[in-house]
Amino acid sequence: MILANAFCLFFFLDETLRSLASPSSPQGPELHGWRPPVDCVRANELCAAESNCSSRYRTLRQCLAGRDRNTMLANKECQAALEVLQESPLYDCRCKRGMKKELQCLQIYWSIHLGLTEGEEFYEASPYEPVTARLSDIFRLASIFSGTGADPAVSAKSNHCLDAAKACNLNDNCKKLRSSYISICNREISPTERCNRRKCHKALRQFFDRVPGEYTYRMLFCSCQDQACAERRRQTILPSCSYEDKEKPNCLDLRSLCRTDHLCRSRLADFHANCRASYRTLTGCPTDNYQACLGSYAGMIGFDITPNYVDSSPTGIVVSPWCSCRGSGNMEEECEKFLRDFTENPCLRNAIQAFGNGTDVNLSPKNPSFQATQAPRVEKTPSLPDDLSDSTSLGASVITTCTSVQEQGLKANNSKELSMCFTELTTSIIPGSKRVVKPNSGPRRARPSAALTAVSFLMLKLAL
């Protein structure tokens with residue numbers, strides 16, 4: 001009996017020492033064969049180089065042509081093709097906004113993911129790589145133009161939107177593309193057709209995609225102290241052509257129209273992913289990243305879903321697409337929910353106000369964790385010339401733009417360098433994947449204290 005117990009003891013010690021000496025099991029991104037996402041154009045090339053993936057992809061595209069999801073999944077060959085592609089690089093691929101082959105990339109992405117959704121979802125996953133950059137440099141430059149840190153008396157009299165337009169004119173690329181869209185959007189076609197809206201939208205997309213946010217954000221999100229400044233901000237995208245129409249369509253109809261175009265669909269999905277109101281974060285944004293939200297908002301300008309400020313009031317920030325929920329029938333609740341993501345969105349409102357103030361939110365947990373990413377109708381007012389100082393033309397009024405960052409208990413970042421923001425996470429989501437991994441999950445090395453406790457127990461048993 002003693003020999004048997006001694007043998008068990010030595011065997012246990014041997015296994016314990018092996019487990020202590022062996023490297024820990026892969027965790028996080030290495031679990032379950034996770035692959036870092038690549039852009040969908042590259043993923044398509046990798047798939048084309050492999051016969052099985054290539055043939056399955058062709059099959060899936062044929063299955064999706066003219067069929068709804070239920071019909072496609074009823075076909076065993078289509079279902080088999082979808083299952084194979086879920087294990088290929090195509091499933092995790094993403095795109096970059098403004099990339100050279102953006103439309104091709106998005107077409108490849110949706111060719112896979114439209115077959116994975118059940119009908120029309122309210123919120124769709126964004127096909128774009130997550131944004132990890134923050135507004136450090138842009139905020140710092142915005143502080144110069146908004147007067148942050150300057151004499152309050154001088155700042156109160158400044159028209160920051162006018163300053164933003166002047167700054168754009170000092171940059172050749174910004175000036176050229178801005179002049180282009182102003183010319184196209186102001187060009188009257190006929191007495192009954194005030195402009196070519198399609199060309200206007202295209203020129204606006206080129207401006208916001210090709211000009212750095214250092215200039216475009218200042219024009220879109222400048223802070224205002226009076227109505228004249230706020231009207232200049234509203235006029236930034238030439239709303240009489242790009243935004244307003246004779247009648248307001250139903251918002252759900254406008255969303256459906258947007259989703260027939262891969263680019264528009266992707267920009268709307270990206271807006272929801274980065275600006276959807278969250279009541280679990282300090283900023284009201286899903287990832288506490290104002291840069292991601294403002295970039296997604298600007299990305300929708302130049303499409304049918306184009307949003308804009310609803311009026312020229314400096315005392316509140318309300319934006320909306322040109323639509324209403326009249327005629328929604330039994331879909332009115334869904335329509336109102338869609339519209340509130342613009343008109344009553346604390347994330348978007350706080351992001352716009354924070355940019356105008358030149359501040360960012362500063363979240364400082366005790367143990368920050370780094371996570372890497374592999375990527376109403378108003379009267380028409382003529383556009384104001386850049387050299388018109390209109391800061392006092394309509395009288396001054398005190399700005400009380402929604403809820404300030406400071407009122408929410410957020411700490412302004414006044415340093416010259418970026419103060420990175422982090423939140424303590426109880427779980428982490430692998431970039432580009434729907435899998436959730438708990439930080440302490442997964443096999444770990446056996447702890448020495450536990451092994452010694454077990455050895456002590458066995459030795460006591462031998463003694464008995």
Side-chain angles (χ1 to χ4, degrees), residues 26 28-96 99 101-130 252 255-270 272-273 276 331 334 338 374-375 427-438 441-442:
E30 283 135 17
L31 277 175
H32 308 297
W34 179 85
R35 300 174 302 270
V38 296
D39 77 73
C40 295
V41 176
R42 176 56 181 159
N44 186 47
E45 293 172 354
L46 294 173
C47 180
E50 202 216 316
S51 58
N52 188 36
C53 180
S54 178
S55 62
R56 297 292 186 176
Y57 184 46
R58 286 195 301 270
T59 299
L60 182 64
R61 296 188 68 170
Q62 292 172 355
C63 292
L64 289 172
R67 300 187 185 185
D68 58 31
R69 183 177 185 275
N70 292 332
T71 303
M72 186 200 77
L73 291 181
N75 185 302
K76 292 183 178 180
E77 190 175 353
C78 295
Q79 192 172 8
L82 186 59
E83 290 174 356
V84 169
L85 291 175
Q86 283 181 298
E87 299 300 322
S88 75
L90 285 169
Y91 179 71
D92 292 319
C93 72
R94 292 293 183 272
C95 303
K96 291 182 180 179
M99 64 185 291
K101 298 181 179 180
E102 182 180 0
L103 182 56
Q104 181 185 351
C105 184
L106 294 172
Q107 287 172 339
I108 295 169
Y109 174 89
W110 289 113
S111 70
I112 296 290
H113 289 268
L114 284 181
L116 300 174
T117 58
E118 297 184 16
E120 189 172 50
E121 295 183 332
F122 191 89
Y123 294 122
E124 295 182 318
S126 172
Y128 293 108
E129 292 183 1
L252 295 183
R255 182 185 68 177
S256 296
L257 178 63
C258 174
R259 286 181 171 177
T260 61
D261 176 80
H262 287 313
L263 267 174
C264 186
R265 181 176 206 143
S266 301
R267 300 296 176 88
L268 178 60
D270 197 55
H272 283 147
R276 184 169 62 196
M331 301 289 287
E334 180 174 342
F338 174 82
Q374 294 238 303
T427 61
S428 63
I429 302 177
I430 295 173
S433 172
K434 297 180 181 179
R435 304 184 183 98
V436 179
V437 181
K438 296 182 180 179
S441 66

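The distance from the CD atom of E102 to the SG atom of C95 is 7.5 Å, given to the nearest 0.5 Å. To the nearest 0.5 Å, the span separating CD on Q107 from CG on L103 amounts to 4.0 Å. Once rounded to the nearest 0.5 Å, the distance linking CG of D39 with CD of Q104 reads 9.5 Å.
Nearest heavy atom pair, residue C53 against residue L90, reads SG-CD1, 4.4 Å. The shortest heavy-atom contact between I108 and C40 is CD1-O, 3.6 Å. Smallest separation of non-hydrogen atoms from C264 and D261: N-OD2, 2.8 Å. Heavy-atom minimum distance, L106 versus P127: CD2-CG, 3.7 Å. Residues S111 and L60 come closest through the heavy atom pair O-CD2, 3.9 Å. Counting all heavy atoms, side chain and backbone alike, R94 lies closest to C105 at O-SG, 3.7 Å.
Relative orientation of the F338 and F122 rings is perpendicular, given thresholds of 30° and 60° on the angle between their planes. Ring geometry, Y91 versus H113: the interplanar angle falls under 30°, so the pair is classed parallel (tilted spans 30 to 60°).
Within the 3.5 Å criterion, the main-chain N or O of S51 finds no donor-acceptor partner in the side chain of S54.
Between E124 and R259, at least one side-chain nitrogen of the basic residue sits less than 4.0 Å from a carboxylate oxygen of the acidic one, meeting the salt-bridge criterion.
Under the 2.5 Å cut-off for SG-SG separation, C78 and C63 qualify: their sulfur atoms lie closer than that.
The side-chain heavy atoms of Y123 and R276, taken from C-beta on, include a pair separated by under 4.5 Å. The closest side-chain heavy-atom distance from H262 to Y109 is not below 4.5 Å. Looking at S266 and W110, their side chains come closer than 4.5 Å, going by heavy atoms from C-beta outward.
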Let me see the working for E334 and R255 under side-chain contact (heavy atoms from CB on, under 4.5 Å), right down to the final yes or no.
CA-CA 12 Å; E334 180 174 342; R255 182 185 68 177; 2.8 Å; yes
For side-chain contact (heavy atoms from CB on, under 4.5 Å), just list the numbers for N44 and Y57, CA-CA rounded to whole Å, side-chain angles, deciding distance to a tenth of an Å, and then say yes or no.
CA-CA 9 Å; N44 186 47; Y57 184 46; 3.4 Å; yes
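No more than 12 heavy-atom neighbours from other residues, nucleotides or ligands sit within 6.0 angstrom of CD on E77.
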